[in-house]
Amino acid sequence: MNNIEKTYDLIVIGGGLVGLASAYKIQKKMPQIKILILEKEKELALHQSGRNSGVLHSGLYYKPESYRAKNCVAGRRELVDFAKKHQINHEVCGKLVVAKNEKESLALPALLKRGRNNGLENLEIIDAKKIQEIEPFVRGFSAIWVPETGIIDYRAVANKFASLIKKINSESEILTNSQVLKITHRSNNSIIHTQNRIFTGSKIISCAGLFSDRLAKEDGLKLDFKIVGFRGDYYTLTEKAKHKVNNIIYPVPNPEFPFLGVHFTRMINGEIECGPNAVFTFKREGYNKMSFSLQDTLDSLTYIGTWKLFINHWQFGLKEMVKASSKNVFLKHLQQLIPSLETSDIESGRSGVRAMALGRDGEIIEDFQIITKGNSIHVLNAPSPAATACLSIGERVALEFLKKYN
Ligand SMILES: Cc1cc2nc3c(=O)[nH]c(=O)nc-3n(C[C@H](O)[C@H](O)[C@H](O)COP(=O)(O)OP(=O)(O)OC[C@H]3O[C@@H](n4cnc5c(N)ncnc54)[C@H](O)[C@@H]3O)c2cc1C
């Protein structure tokens with residue numbers, strides 16, 4: 001292999017929102033340091049950060065005092081300011097969380113209280129009539145109106161972080177088509193090997209999304225969880241049906257699962273998306289129903305947590321698989337919120353895969369996890385709302401980095 005090419009103060013692995021926001025925060029605090037960002041794809045933010053629902057989450061759902069709650073609320077406020085300052089397409093349009101019947105409506109006061117505890121403003125429980133003033137095609141018993149929720153162009157955010165990093169320090173670099181394969185450490189720095197190049201960095205930060213556990217393992221960390229992928233498929237509303245959704249409409253979440261349920265979102269490009277479902281996938285970056293990877297499958301099936309997940313939650317898993325394989329079943333779920341939707345109103349759209357940390361007990365670990373060891377910092381679990389929260393997570397990572405660097 002080649003000789004070591006270049007030395008940096010910091011090497012960040014992963015060009016998604018979390019890696020880029022972390023690098024941006026560090027570069028702002030320390031303009032003089034040289035940062036290298038390595039991304040395996042040909043462009044930035046092609047995985048979770050570019051395949052999500054595009055929602056600026058309010059912070060309504062998350063356990064008070066958790067990192068998800070704190071980072072979501074603070075991160076959203078910071079991201080909205082960032083978007084305003086840098087002219088990134090976004091809109092704080094508000095959303096409805098709709099209880100379709102009286103039984104579901106019983107969950108709303110607790111959700112409202114949680115939202116208020118998390119620092120959300122102007123939340124309101126509204127009745128069926130008010131629901132229809134906001135979303136005329138939605139039928140519900142009652143709803144929570146969440147005015148602080150919004151939509152944003154997340155890929156534009158990622159690319160803006162990248163250009164600002166370069167603007168602050170022209171010696172910092174962002175290399176795409178650069179997959180990190182190996183990490184080795186010396187006493188005062190670390191060596192990073194890609195397919196055909198070798199770099200040294202005083203410190204390493206890994207934000208590798210769906211592969212964050214593999215990089216941690218490569219770096220010698222022993223983890224008590226594994227990253228598994230849950231594919232989410234979307235449908236889009238056809239031109240003639242778009243008028244049925246104004247902004248963002250969510251169902252009341254099932255507290256037993258870490259997913260928010262299929263929802264309607266007006267994307268920043270004007271499309272209306274419906275979804276995503278949540279199907280366990282045997283290819284971490286597999287975006288269609290037939291995607292398969294032998295390595296990822298073996299990795300999942302030799303892990304006790306996967307089997308416990310299947311046993312504990314087989315009914316949920318089965319329902320999601322049926323929803324994924326049948327347009328009619330998917331439509332029935334959507335009709336629970338908008339009964340007038342017809343088969344011809346929806347067409348198959350894109351998919352994304354969520355990286356979720358699965359414990360050995362078969363339960364999903366919900367909160368963000370950042371682990372530091374030696375010269376390295378690993379962001380190991382950054383599920384939704386990590387896109388909303390990226391600047392706040394980036395701040396946490398930057399503070400960890402400062403402790404190590406000084
Ligand atoms: C379907 C779906 C809907 C979602 N909806 C929302 C939403 O509406 N709002 C919200 O806030 N959050 C949402 N999320 C969550 C959010 O998108 C993610 O939490 C966030 O994007 C995570 O960012 P990341 O940088 O950690 O991961 P990623 O965006 O996946 O980035 C990781 C990067 O690391 C790179 N990489 C991996 N291995 C290597 C390697 N060896 N060498 C070099 N590079 C490597 C990958 O190519 C990738 O670009 C959603 C996620 C999904 C999947």
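Atoms within each ligand, like the ligands themselves, are counted from 1 in listed order. Residues: numbered from 1 along the sequence shown.
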Closest non-hydrogen protein atom to atom 34 (O) of ligand 1, residue and atom name please, with distance? Gly14 CA, 3.3 Å
Record the part of Tyr234 in heavy-atom contact with ligand 1 below 4.0 Å; permitted values are side chain, backbone, both and neither. side chain
Protein residue, atom and distance nearest to atom 13 (C) of ligand 1, heavy-atom basis: Ser384 OG, 3.5 Å
With atoms numbered from 1 as shown, which atoms in ligand 1 lie under 4.0 angstrom from a non-hydrogen atom of Tyr154? 11 (O)
Considering only heavy atoms, does Arg354 approach ligand 1 within less than 4.0 Å through its side chain, its backbone, both, or neither? both
cation_pi(Lys160, Phe82) dist<6.0 Å, angle<=45: no
Element-labelled atoms of ligand 1 that are located less than 4.0 Å from some non-hydrogen atom of Arg51: 1 (C), 2 (C)
If you measure every N or O of Ile13 against every N or O of ligand 1, does any of those distances drop under 3.5 Å? no
Protein contact to atom 27 (O) of ligand 1 [nearest heavy atom, distance to 0.1 Å]: Gln48 NE2, 3.3 Å
Contacting atoms of ligand 1, where contact means under 4.0 angstrom from a heavy atom of Glu41: 47 (O)
Ligand-residue contact atoms, ligand 1 with Gly54, heavy atoms, under 4.0 Å: 8 (O)
Checking heavy-atom distances from atom 11 (O) of ligand 1 to each of Thr388, Leu38, Leu79, the winner is Thr388
Find out whether the Lys NZ or Arg CZ of Arg396 is both under 6.0 angstrom from the six-membered ring centre of Tyr67 and within 45° of the ring's axis. yes
Suppose we measure from atom 21 (O) of ligand 1 to each protein heavy atom; which comes out shortest, and what is that distance? Ser49 OG, 3.0 Å
I need the contact type for Leu215 against ligand 1. Using non-hydrogen atoms and a strict under-4.0 Å cut-off, is it side chain, backbone, both or neither? side chain
Within ligand 1, which atoms have a heavy atom of Ala386 less than 4.0 Å away? 19 (O)
Checking side-chain polar atoms at under 3.5 Å, does Glu171 have a donor or acceptor matched by the opposite partner on Tyr8? no
Report yes if the side chains of Glu148 and Lys95 come closer than 4.5 Å at any heavy-atom pair, otherwise no. no
State whether Phe230 and Arg354 meet the cation-pi test: NZ (Lys) or CZ (Arg) under 6.0 Å from the six-membered ring centroid, and within 45° of the perpendicular axis. no
Got an N/O contact under 3.5 Å between Phe211 and ligand 1? no
Strictly by modelled atom types, are Ser384 and Tyr62 linked by a side-chain donor-acceptor pair under 3.5 Å? no
Under 4.0 Å from any heavy atom of Gly16, which atoms of ligand 1 are there? 25 (O), 29 (O), 31 (O), 33 (C)
More than 12 foreign heavy atoms under 6.0 Å from CE of Met267: is that the case here? yes
Does a side chain donor of either Gln27 or Ser172 reach within less than 3.5 Å of an acceptor in the other side chain? yes
Row check, Tyr61 ring normal vs Arg114 NZ/CZ: under 6.0 Å, within 45°: no
Honestly, is Lys6 close enough over Phe199, meaning NZ or CZ under 6.0 Å from the six-membered ring centre and within 45° of the axis? no
Is ligand 1 less than 4.0 angstrom away from at least one heavy atom of Gly232? no
For atom 35 (C) of ligand 1, which protein heavy atom lies nearest, and how many Å away is it? Glu39 OE1, 3.2 Å
Using a heavy-atom cut-off of under 4.0 Å, does the side chain or the backbone of Pro383 touch ligand 1, or both, or neither? backbone
Show me which atoms of ligand 1 lie under 4.0 Å from any heavy atom of Val353. 53 (C)
Are side-chain N/O atoms of Arg139 and Gln132 paired as donor and acceptor at under 3.5 Å? yes
Distance to 0.1 Å, residue and atom name: give those for the protein heavy atom nearest to atom 26 (O) of ligand 1. Val18 CG2, 3.4 Å
Audit row: Asp213, His378, side chain to side chain donor-acceptor pair (under 3.5 Å) steps and yes/no: CA-CA 9 Å; Asp213 59 340; His378 287 263; over 6 Å; no
Test: Lys283 cationic atom under 6.0 Å from Phe292 six-membered ring centre, within 45° of axis: no
Side chains of Tyr250 and Thr149: any donor to acceptor distance under 3.5 Å? no
Salt bridge check, Glu395 against Lys29: does any charged N sit closer than 4.0 Å to a carboxylate O? yes
Would you mind reporting whether Asn381 and Asp367 have side-chain heavy atoms less than 4.5 Å apart? no
Checking contacts here: is it the side chain or the backbone of Ala389 that comes within 4.0 Å of ligand 1, counting heavy atoms only? Could be both or neither. neither
Within a radius of less than 6.0 Å around NZ of Lys327, do more than 12 heavy atoms belonging to other residues, nucleotides or ligands occur? yes
Would you mind telling me if ligand 1 is within reach of the side chain of His57, the backbone, both or neither, using heavy atoms under 4.0 Å? side chain
For atom 18 (C) of ligand 1, the protein heavy atom that lies nearest, with its residue and separation: Ala382 O, 3.7 Å
The atoms of ligand 1 lying under 4.0 Å from a heavy atom of Ser178, numbered in the order shown, are 42 (N), 43 (C)
Atom 51 (C) of ligand 1 has as its nearest protein heavy atom Asn52 CB, 3.7 Å
Can an N or O of Ser53 be found at a distance shorter than 3.5 Å from an N or O of ligand 1? yes
Does a donor on one side chain sit under 3.5 Å from an acceptor on the other, for Thr200 and Asn189? no
Would Leu46 count as being in polar contact with ligand 1, using the rule that some N or O on each side must be under 3.5 angstrom apart? no
One residue to check: Cys207. Relative to ligand 1, which of side chain, backbone, both or neither has a non-hydrogen atom less than 4.0 Å away? backbone
Is Glu285 close to ligand 1, meaning an N/O of one under 3.5 Å from an N/O of the other? no
Between Leu20, Leu44, Val180, flag the one that comes closest to atom 42 (N) of ligand 1 by a heavy atom. Val180
